[in-house]
Q: 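The structure under discussion is supplied below as structure tokens; questions concerning it will follow.
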Amino acid sequence: MSVIVVVGAQWGDEGKGKVVDLLAERAQVVVRFSGGDNAGHTVINPYGKFGLHLVPSGIFSAGATCIIGNGVVINPSKLIEELDELNKCGVSVDQLIISDRAHLIMPYHLLLDGLEEERRAGEAVGTTRRGIGPAFADKVARLGIRAGELLDKKVLRKRLHFIIDYKNIILSKVYEASLLSLDEVYTQYCHYGERLAPYIKETTVILAEALSRDQRILLEGAQGTLLDPDFGTYPYTTSSSPLAGGGCLGAGIGPTNIDSVMGVFKVYCTRVGNGPMPTELHDKTGNLIREQAHEYGTTTGRPRRCGWFDAPAARLSQRINGFTGLALTRLDVLDILPNLKICTAYKLDGKTIDNFPSSVAELERCQPVYEEMDGWQTSTTHIKKFDRLPPKAQQYITRLEELIACPVNLISVGSAREQTIEVRPVW
Ligand code: IMP
């Protein structure tokens, strides 16, 4: 088993940072393959507590090469901030590589993300306002600027000239906003280029070589499956694919090289931003989960919407990712609850359905059908073995495993690395 993809299986924030931090210790290469600094991967380890947005969570693993893949959109100023912060804490970033094909977030992307959200008003997506959507839109519209172009100032100026002229028309005529100065953007991005140049490389060759040496490669997903622009709750989605398949495209390796796909699920659900979430709790229990688990966004600080585990959503996630194993996180958050619910199906217009509809309008009409269980009401945070968990916690996990139809590898019972139960070995 040499290549594993780690995927967020719900609406993001499942705890991928911790899982990747743990598995990266056993990997030689870690590649972030999608999203941008909209992601926030919380990692707590002997170096301290970090909220990583762009740098792969494998950066703490000495000797692991960490690649920001072509599928990521990079805000250079945020990346530089993150590198400085890591350096300050004594973490070496020498092993970082940035794909020369990765697209850059530009000042107009940030402006347009905010302006468009405001224009949409009641229909807003609730984006992180990090310029992600506009940057991916430019990538497919062939208007993007890639990291490799930072290495050639002449090319950069020429491309910027053409693009900023166009963006200024949109900014002024559509949104009545102020114009951007070509010279200012150019000078700023030249500085970024000088700082990031040592890291920018062609990465497919590096990955092919790692594969030929049978090295362990970990592809690190961002966001979650239900935010995928094809399969998520469109249009309330992000703009790049967080799916296992996105791992091939966003890292630059073929599907035949993937050996395993790990789905990371919280044992309940959370979501930030707008859009349907059938099991959302608007009551005391929802607030209790939010406060107990400190469910506030790593990137934006927004309170996360909390709800019960949603099996129809989980089954969609399994179908489109093909998980070979699961990491179930935040079991300890449920320790205090006297009763638990799992949504096993929905009632939609009088009918019981067990799939996750593609239409947002239908999802909004879905009423969860719940199975209820007693809680275990005892702390699990110190437990290291599955059979030492309270029997009711074991039953809960086994039921999730049955509903998702996939075996569990890891259970997380706290934020520290050692608060992890390895039910089955991953690597
Ligand atoms: P964007 O990716 O900033 O365009 O935001 C689109 C949607 O994805 C919004 O609902 C965001 O809240 C959500 N989103 C983006 N990144 C994350 C993440 O890392 N975790 C959870 N939700 C996210």
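Read the numbers this way: they start at 1 and go in the same order the structure lists the ligands and their atoms. These values consider heavy atoms only, across backbone and side chains, with no hydrogens, waters or symmetry-generated copies. Quantities reported herein were computed from a predicted structural model and do not represent experimental measurements.
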Q: Does the pair Glu116/Arg120 count as a salt bridge with the N-to-O cut at 4.0 Å?
A: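 Judged by the 4.0 Å cut-off on N to carboxylate O distance, Glu116 and Arg120 do form a salt bridge.
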Q: Could you tell me whether Lys167 and Asp138 have a side-chain N and a carboxylate O separated by less than 4.0 Å?
A: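 Result for this pair is yes, salt bridge flagged.
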Q: Show me the short polar-atom pairs for ligand 1: any N or O of it lying under 3.5 Å from a protein N or O, with distances only.
A:
{"residue": "ligand 1", "atom": "2 (O)", "partner": "Asn38", "partner atom": "ND2", "Å": "2.9"}
{"residue": "ligand 1", "atom": "2 (O)", "partner": "Thr238", "partner atom": "OG1", "Å": "2.6"}
{"residue": "ligand 1", "atom": "3 (O)", "partner": "Thr128", "partner atom": "N", "Å": "2.9"}
{"residue": "ligand 1", "atom": "3 (O)", "partner": "Thr128", "partner atom": "OG1", "Å": "2.5"}
{"residue": "ligand 1", "atom": "10 (O)", "partner": "Val272", "partner atom": "O", "Å": "3.2"}
{"residue": "ligand 1", "atom": "12 (O)", "partner": "Gly126", "partner atom": "O", "Å": "3.4"}
{"residue": "ligand 1", "atom": "12 (O)", "partner": "Val272", "partner atom": "O", "Å": "3.1"}
{"residue": "ligand 1", "atom": "12 (O)", "partner": "Arg302", "partner atom": "NH2", "Å": "2.9"}
{"residue": "ligand 1", "atom": "16 (N)", "partner": "Gln223", "partner atom": "NE2", "Å": "3.2"}
{"residue": "ligand 1", "atom": "19 (O)", "partner": "Asn38", "partner atom": "O", "Å": "3.3"}
{"residue": "ligand 1", "atom": "19 (O)", "partner": "Gln223", "partner atom": "NE2", "Å": "3.4"}
{"residue": "ligand 1", "atom": "20 (N)", "partner": "Asp13", "partner atom": "OD1", "Å": "3.1"}
{"residue": "ligand 1", "atom": "20 (N)", "partner": "Asp13", "partner atom": "OD2", "Å": "3.4"}

Q: Could you check, using the six-membered ring where one of them is a Trp, whether Phe309 and Tyr396 have ring centers closer than 6.0 angstrom?
A: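 No - the distance between ring centres of Phe309 and Tyr396 does not fall below the 6.0 Å cut-off.
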Q: Only one of Leu328, Ile421, Val423, Leu22 forms a side chain to side chain contact (heavy atoms under 4.5 Å, CB included) with Leu410, so which one is it?
A: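 With Leu410 as partner, Leu328, Ile421, Val423, Leu22 yield a single side chain to side chain contact (heavy atoms under 4.5 Å, CB included), made by Leu22.
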Q: With rounding to the nearest 0.5 angstrom, report the OG1 to CG distance, Thr238 to Leu226.
A: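 Separation between the atoms: 13.0 Å.
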Q: Taking ring pair (Phe, Tyr, Trp, His ring centres under 6.0 Å) as the definition, give me every residue that meets it alongside Tyr108, ordered by chain and number, with sequence neighbours left out.
A: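 Tyr108 satisfies ring pair (Phe, Tyr, Trp, His ring centres under 6.0 Å) with no other residue.
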